[in-house]
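Position 1 is the first residue of the sequence, and the numbers go up from there. Order of appearance sets the numbers: ligands from 1, and atoms from 1 within every ligand.
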Amino acid sequence: MSADEFRKLGYQVIDIISRYYNSIENIPVFPAVPSETVEQVFHEPLPPGGQDPVSIIGEWEEKVLPYATHIGSPRFFGYVMGSVIMIGTLAEALAASVNMNSGGWKPAPSATEIERRTISWIAELISYPVTCGGLFTSGGTMANFTALQTALRNAAPYNTSAMGLQNEGFKGKFKVYMSDHEGHVSIIRVVDLMNLGRDSLRLVKSNDDYSMDTAHLEELIDEDIKNGDFPLCVVAQVGSINTGVIDPLDRIAAVCRSRNIWFHADGACGAVGRILPEKEAQYKGLELADSVTLDPHKWLGIAYDCGCVLVRDAEKMRRAFSLEAPYLRGTLLSEYTGLNYFEYGPEMSRSFRALKVWMSIKYLGVEGYRSLLSKNVKCVEHLDTLVRGDADFEALHKPNLFMYCFRYCPSTLKEKFKNIPGQLKEKTNILNQQIADEIQNSGKAFIMTSKLKGDVVIRLSVCSHRTTLNDIDMVFAALKNIGESFLK
Ligand SMILES: Cc1ncc(COP(=O)(O)O)c(C=O)c1O
């Protein structure tokens, strides 16, 4: 492709993206079509020869956008997916143009130093020691994996790098602790990847507010020690997936310190909430964690993919992940003075994820992020007020950060099934699922359900910088209308 042709196509692409950003607040959030329809759109043979780039790019608006889910919409409330700070979109194009491989210093000198700097900014942002190590990962799951693998390699009573988990002399089992309700499923993936076995996970009871019950944590740990097992790591939630709760970090830190256990803080969703002055007290103890997970592709509005892990002692990461191969280094060891990220985490080849984070942080600054995050917090508090002010809805927890769950449970239904509680529960569960499905299909908003204490609940994760209080009013009214329509 000639430079001239590239420039023309590039302008075309920028126009497409600008049109998209101009319309994002008004387009249906989700394409409610069967998966077969989408499959058919892309059902075409392997191109035998090259095609015209103008028409290839034209397919974006023709075929891709009509069947996209618009995560950047102000009314996308599913999972935990942030909407992209627009300068990050440009960062992605710039990073791809040079295509540095951030696995090593030699293929990526400036990318490596930008990553090093950005990691230290992120540590500062959440008041974690800036002397920590850390890197960007594909997401929270890999960040959690990196942290727990670092824990295993450094805290185990024998050399697990050499011997793995098969050691005749070690009869116990490694144990990982997280809370039974709000502990995140990615930790199951992590213990799978580490081959610790799912039985290694010890589920700690939760308090009424869904935070970890640390007295029960201590009981479990002491029981495991008595049985000859090895308590490896406690995973605390810092902004949990359903209720946004933050576990009692300082108490968990004390439990871990007293028994020499690795303390990991899973702040994939909520660690950055540390910058909000009104939330600061809840984060006491985060600075004591041995490692922290924080997903820029969630609440920092960074494009997929971008997770991040911080480890208090960078040397421990190197001990866990360092590798040697003659082709990874220059012939003269002395010529290699830079930081090689492949030695600090599981990935060898790595994209230049740091650029989009670096640019977004520079663009917004701490103040800019603080005001975006507090806008989301206000939206969730407003939603809580609406729910509590309407007798047909049930509030289920105190709002915190940007996650909120509640139920539609109208008086007509309660009256009808007042003597058959089992049926009331079942009907309410079905009704709430129907409401979420219906609003998704309408394209007005993307809302999903989850479960709190076994009941189906409507769950909103409000982490888009575009969401306003008006969106919350509109969505709440729509949910109520839909609910009423199912009762007719
Ligand atoms: C608390 C928590 N930890 C980890 C993860 C996993 O993150 P990812 O999907 O980026 O792998 C999530 C995802 O929602 C999460 O909420």
Side-chain angles (χ1 to χ4, degrees), residues 69 71 76-84 88 122 126 134-149 151 176-194 201 203-204 206 210-212 233-247 249 252 263-274 282-283 286 289 291-310 345-347 350-351 353 356-357 373 376 380 400-405 446-452 459-464:
T69 298
I71 288 164
F76 181 89
F77 301 116
Y79 311 95
V80 184
M81 299 185 172
S83 55
V84 175
I122 286 183
I126 64 164
L135 42 73
F136 293 109
T137 63
S138 63
T141 307
M142 286 313 287
N144 281 338
F145 169 74
T146 308
L148 267 72
Q149 184 76 343
V176 175
Y177 306 80
M178 69 175 185
S179 64
D180 61 354
H181 199 288
E182 291 296 277
H184 192 264
V185 67
S186 59
I187 301 299
I188 298 180
R189 171 62 48 85
V190 170
V191 297
D192 278 351
L193 285 172
M194 292 169 71
L201 258 186
L203 297 180
V204 184
S206 302
Y210 297 94
S211 65
M212 184 186 281
C233 176
V234 178
V235 180
Q237 287 305 308
V238 188
S240 72
I241 189 80
N242 291 307
T243 64
V245 77
I246 299 177
D247 284 334
L249 303 174
I252 293 173
F263 168 28
H264 176 62
D266 183 353
C269 298
V272 293
R274 173 66 183 75
Q282 294 183 48
Y283 288 82
L286 180 62
S291 52
V292 180
T293 286
L294 178 157
D295 271 358
H297 66 204
K298 293 189 167 70
W299 215 10
L300 283 180
I302 304 299
Y304 283 106
D305 53 24
C306 195
C308 169
V309 60
L310 306 177
E347 289 173 285
R350 305 170 67 244
S351 69
R353 295 186 183 106
K356 50 196 171 184
V357 191
L373 267 51
N376 291 152
V380 162
N400 198 32
L401 308 182
F402 62 87
M403 280 70 92
Y404 190 66
C405 294
F446 189 95
I447 293 175
M448 292 171 70
T449 56
S450 184
K451 281 190 172 174
L452 281 195
R459 172 183 175 279
L460 268 76
S461 150
V462 188
C463 57
S464 164

**Prompt:** Tell me: protein heavy atom nearest atom 4 (C) of ligand 1, and distance?
**Reply:** Ser186 OG, 3.2 Å

**Message:** Using only atom types and a distance under 3.5 Å, with no angle test, would you say the side chain of Arg350 pairs donor to acceptor with the backbone of Phe136?
**Reply:** yes

**Prompt:** Does Met403 offer a backbone N or O that forms a donor-acceptor pair with the side chain of Asn242 under 3.5 Å?
**Reply:** no

**Message:** Give the atom numbers and elements of ligand 1 that come within less than 4.0 Å of a heavy atom of Gln237.
**Reply:** 1 (C)

**Item:** Short side-chain to backbone donor-acceptor contact, Asp295 and His297, under 3.5 Å
**Value:** no

**Prompt:** So is there a nitrogen or oxygen of Lys298 less than 3.5 Å from a nitrogen or oxygen in ligand 1?
**Reply:** yes

**Prompt:** Should Val357 and Ile122 be marked as a side-chain contact (heavy atoms from CB on, under 4.5 Å) after you check the CA-CA gap, both sets of side-chain angles, and the distance that decides it?
**Reply:** CA-CA 9 Å; Val357 191; Ile122 286 183; 4.1 Å; yes

**Asked** Should you measure from each heavy atom of Ala268, which atoms of ligand 1 turn up under 4.0 Å away?
**Response** 2 (C), 3 (N), 4 (C), 15 (C)

**Message:** Could you tell me, atom by atom, which parts of ligand 1 come under 4.0 Å of a heavy atom of Asn144?
**Reply:** 3 (N), 4 (C)

**Asked** Is Asp295 touching ligand 1 with its side chain, its backbone, both, or neither, if touching means heavy atoms under 4.0 Å apart?
**Response** side chain

**Item:** Residue pair Phe446, Tyr79: steps toward the side-chain contact (heavy atoms from CB on, under 4.5 Å) verdict
**Value:** CA-CA 10 Å; Phe446 189 95; Tyr79 311 95; 4.0 Å; yes

**His181 vs Leu452, side-chain contact (heavy atoms from CB on, under 4.5 Å): CA-CA, chis, key distance, verdict** = CA-CA 8 Å; His181 199 288; Leu452 281 195; 3.5 Å; yes

**Prompt:** Does Cys269 come within less than 4.0 Å of ligand 1, judged by its heavy atoms?
**Reply:** yes

**Message:** Give me the residue, atom name and distance of the protein heavy atom closest to atom 3 (N) of ligand 1.
**Reply:** Asp266 OD2, 2.8 Å

**Fill in**
Closest to atom 8 (P) of ligand 1 by heavy-atom distance, out of Gly140, Ser461, Ala271, is Gly140

**Prompt:** Considering only heavy atoms of Gly139, which atoms of ligand 1 have at least one such atom less than 4.0 Å away?
**Reply:** 10 (O), 11 (O)

**Item:** Minimum-distance protein heavy atom relative to atom 11 (O) of ligand 1
**Value:** Thr141 OG1, 2.6 Å

**Audit row: Ser206, Asp180, side-chain hydrogen bond (donor to acceptor under 3.5 Å, both in side chains) steps and yes/no** = CA-CA 6 Å; Ser206 302; Asp180 61 354; 2.5 Å; yes

**Message:** Distance under 4.0 Å to a non-hydrogen atom of Ile241: what atoms of ligand 1 satisfy this?
**Reply:** 14 (O), 16 (O)

**Asked** Who's the nearest protein heavy-atom neighbour of atom 5 (C) of ligand 1, and how far?
**Response** His184 CE1, 3.3 Å

**Prompt:** Strictly under 4.0 Å, does any heavy atom of Met142 approach an atom of ligand 1?
**Reply:** no

**Message:** Using a 3.5 Å distance criterion without hydrogens, assess whether the side chain of Asn144 forms a donor-acceptor pair with backbone atoms of Ile187.
**Reply:** no

**Item:** Exam field: side chain Lys298 to backbone Gly139, donor-acceptor pair closer than 3.5 Å
**Value:** no

**Request:** Output the list of atoms in ligand 1 that are nearer than 4.0 Å to some heavy atom of His297, sorted by atom number.
**Result:** 10 (O)

**Message:** Using modelled atom types and a 3.5 Å cut-off, is there a donor and acceptor pairing between side-chain atoms of Glu182 and backbone atoms of Thr243?
**Reply:** yes

